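Predicted, not measured: the structure shown is a model, and the values here were computed from it.
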Amino acid sequence: MKLDRLIGILSILLQRETVTAPYLAEKFEVSRRTINRDIDILCGAGIPISTKQGAHGGISILENYKIDRTLLSSNEMQDILAGIRSLDSVHKTNQYAQLMEKLSAGSSDFMTGNQSVLIDLSSWYKDSLSQKIAIIRSAINRHCKINFFYYSPRGVQKRTVEPYYLIFRWSSWYLWGFCETRQDFRLFKLNRMTELQMSNHTFSQRAAPLPDLRNEQIFPGGIAVKILFDASCKWRLIEEFGVDSFEVQNDGKLLFCVDFTNKDNLLNWLMTFGTCAELLEPEELRREIRETLREMLQKYEEER
């Protein structure tokens, strides 16, 4: 688009002393004649651009105009670029990298050694995830409803939703939208969606509240557990719950007390520790684990 190209040219001229028309033509994949017309447009807009012919010539903005090349500090620009770069990790294109080049035009510090923050938002489901994000973004921009099948512990249901926000949280992507089935705003995990489609039906935007993403709201607890872990499990508890999530006992074992939201998630997580963890409370879950282990033992003792 012409406007994008004009902004890109202006960004480069603000960052560099002098550039040539062939350089700009190659960078924006247009002809030199188009670049010359763009320069005329910028001059007509009141930007004092100077052109000089010859071996050491080129295009530049008058020095007294370039008092401050940017309102952003180097650190602020790097933070912006890190965020923009991260969006390419969930897309199959490099559109955000191209935007990043425009923002950082002429300043190699932002693109190489001084870029100290790298963010990757991709997952095992990158191929399907990027397509879902593209559909949802398009639906949000066009105010179109979306249809999909949603899988949850209660089964699978077809949902029609008015999309409002795409959210990355807890290492996953979510959609915040108004669900016609629940007649309320709900949070949907993209990995649980199948057969996602943008509808032809548009909607009038509601006064959409921002989702409350505090852990205690999304994971409200309810199951108070007490677990004794071997000392070898310390790294996992620190990684998943933090250094203050357990108390070291006299024998070196780790007493872990926390609230869990879902019983099945708790039992599945606990099983990954094998014999290195013992559930102390609640007693009813201890009994359930004993019964599950008996059934597992019986299944594995049978000859196949």
Side-chain angles (χ1 to χ4, degrees), residues 75-76 78-90 114-126 129 133 150-154 165-176 185-193 209-290 292-293:
N75 286 338
E76 290 170 336
Q78 287 185 29
D79 289 343
I80 291 174
L81 297 183
I84 293 174
R85 188 198 296 269
S86 70
L87 293 175
D88 263 343
S89 64
V90 291
N114 286 350
Q115 182 61 45
S116 58
V117 179
L118 301 176
I119 306 171
D120 192 332
L121 303 181
S122 60
S123 71
W124 292 107
Y125 312 98
K126 180 176 180 178
L129 189 62
I133 290 176
Y150 195 68
Y151 289 79
S152 72
R154 293 184 294 273
Y165 297 104
L166 274 167
I167 301 168
F168 183 80
R169 186 73 187 271
W170 310 295
S171 303
S172 297
W173 282 92
Y174 296 83
L175 164 69
W176 177 252
F185 285 89
R186 288 289 188 271
L187 200 63
F188 299 94
K189 195 171 187 177
L190 266 60
N191 283 345
R192 294 185 181 181
M193 296 178 180
L210 292 175
D212 189 343
L213 300 177
R214 292 175 298 170
N215 288 349
E216 57 267 27
Q217 293 295 323
I218 306 300
F219 308 110
I223 306 175
V225 300
K226 186 180 292 186
I227 306 170
L228 198 61
F229 287 95
D230 288 354
S232 60
C233 302
K234 181 182 291 187
W235 69 272
R236 273 194 63 181
L237 296 181
I238 291 176
E239 177 183 335
E240 298 177 25
F241 293 91
V243 294
D244 298 323
S245 62
F246 55 85
E247 295 180 5
V248 180
Q249 306 299 289
N250 292 333
D251 59 359
K253 291 194 173 183
L254 313 172
L255 182 62
F256 175 80
C257 301
V258 74
D259 282 357
F260 263 79
T261 302
N262 183 278
K263 181 187 70 172
D264 291 335
N265 289 342
L266 165 61
L267 295 179
N268 291 336
W269 176 74
L270 195 59
M271 288 294 183
T272 64
F273 290 91
T275 59
C276 293
E278 178 188 359
L279 178 68
L280 304 179
E281 296 178 7
E283 179 58 35
E284 58 268 25
L285 287 187
R286 280 180 61 91
R287 290 195 295 269
E288 188 168 332
I289 289 177
R290 285 197 297 269
T292 299
L293 291 175

Checklist entry - Ring centres of F188 and Y150 under 6.0 Å apart? => result yes
Checklist entry - Using 4.0 Å as the upper bound for N to carboxylate O, is an ion pair formed by E278 and K253? => result no
Next on the checklist: Check this for me: Y151, atom OH, are more than 12 non-hydrogen atoms of other residues, nucleotides or ligands nearer than 6.0 Å?
Outcome noted: no
Checklist entry - Can you list the steps and then say if I289 with L270 is a side chain to side chain contact (heavy atoms under 4.5 Å, CB included)? => result CA-CA 10 Å; I289 289 177; L270 195 59; 3.7 Å; yes
Checklist entry - So which pairs with a foot in residues 265-274 pass side chain to side chain donor-acceptor pair (under 3.5 Å), sequence neighbours left out? => result R236-T272, E240-W269
Next on the checklist: Whether the side chain of R192 engages the backbone of S152 through a donor-acceptor N/O pair (distance < 3.5 Å, no angle test) should be reported.
Outcome noted: no
Item to check | side chain to side chain contact (heavy atoms under 4.5 Å, CB included) assessment of E288 paired with L285 | outcome: CA-CA 5 Å; E288 188 168 332; L285 287 187; 4.0 Å; yes
Next on the checklist: Could you measure the distance from the OG1 atom of T292 to the CZ atom of R287? Nearest 0.5 Å is fine.
Outcome noted: 12.5 Å
Checklist outcome for this item: Rounded to the nearest 0.5 Å, the SG atom of C276 sits from the CG atom of L228 at a distance of 11.5 Å
Item to check | Euclidean distance, I223 CD1 relative to L267 CG, rounded to 0.5 Å | outcome: 8.0 Å
Checklist entry - C257 versus V225: any side-chain heavy-atom pair under 4.5 Å? => result no
Checklist entry - Can you name the closest pair of heavy atoms from C233 and L254 and give their distance? => result C-CD1, 4.3 Å
Next on the checklist: Measuring from atom CZ of F246 to atom CD1 of I238, what distance do you get when rounded to the nearest 0.5 angstrom?
Outcome noted: 4.5 Å
Checklist entry - How many angstroms lie between atom CG of L237 and atom CZ of F273, to the nearest 0.5 angstrom? => result 5.5 Å
Next on the checklist: I need the F185 CZ to L210 CG distance, nearest 0.5 Å.
Outcome noted: 10.0 Å
Checklist outcome for this item: D259 and A224 have their tightest heavy-atom pair at OD1-CA, 3.3 Å
Next on the checklist: Any carboxylate oxygen within less than 4.0 angstrom of a Lys/Arg side-chain nitrogen, looking at E283 and R290?
Outcome noted: yes
Checklist entry - Minimum heavy-atom separation for L190 to L175, with atom names? => result CD1-N, 3.6 Å
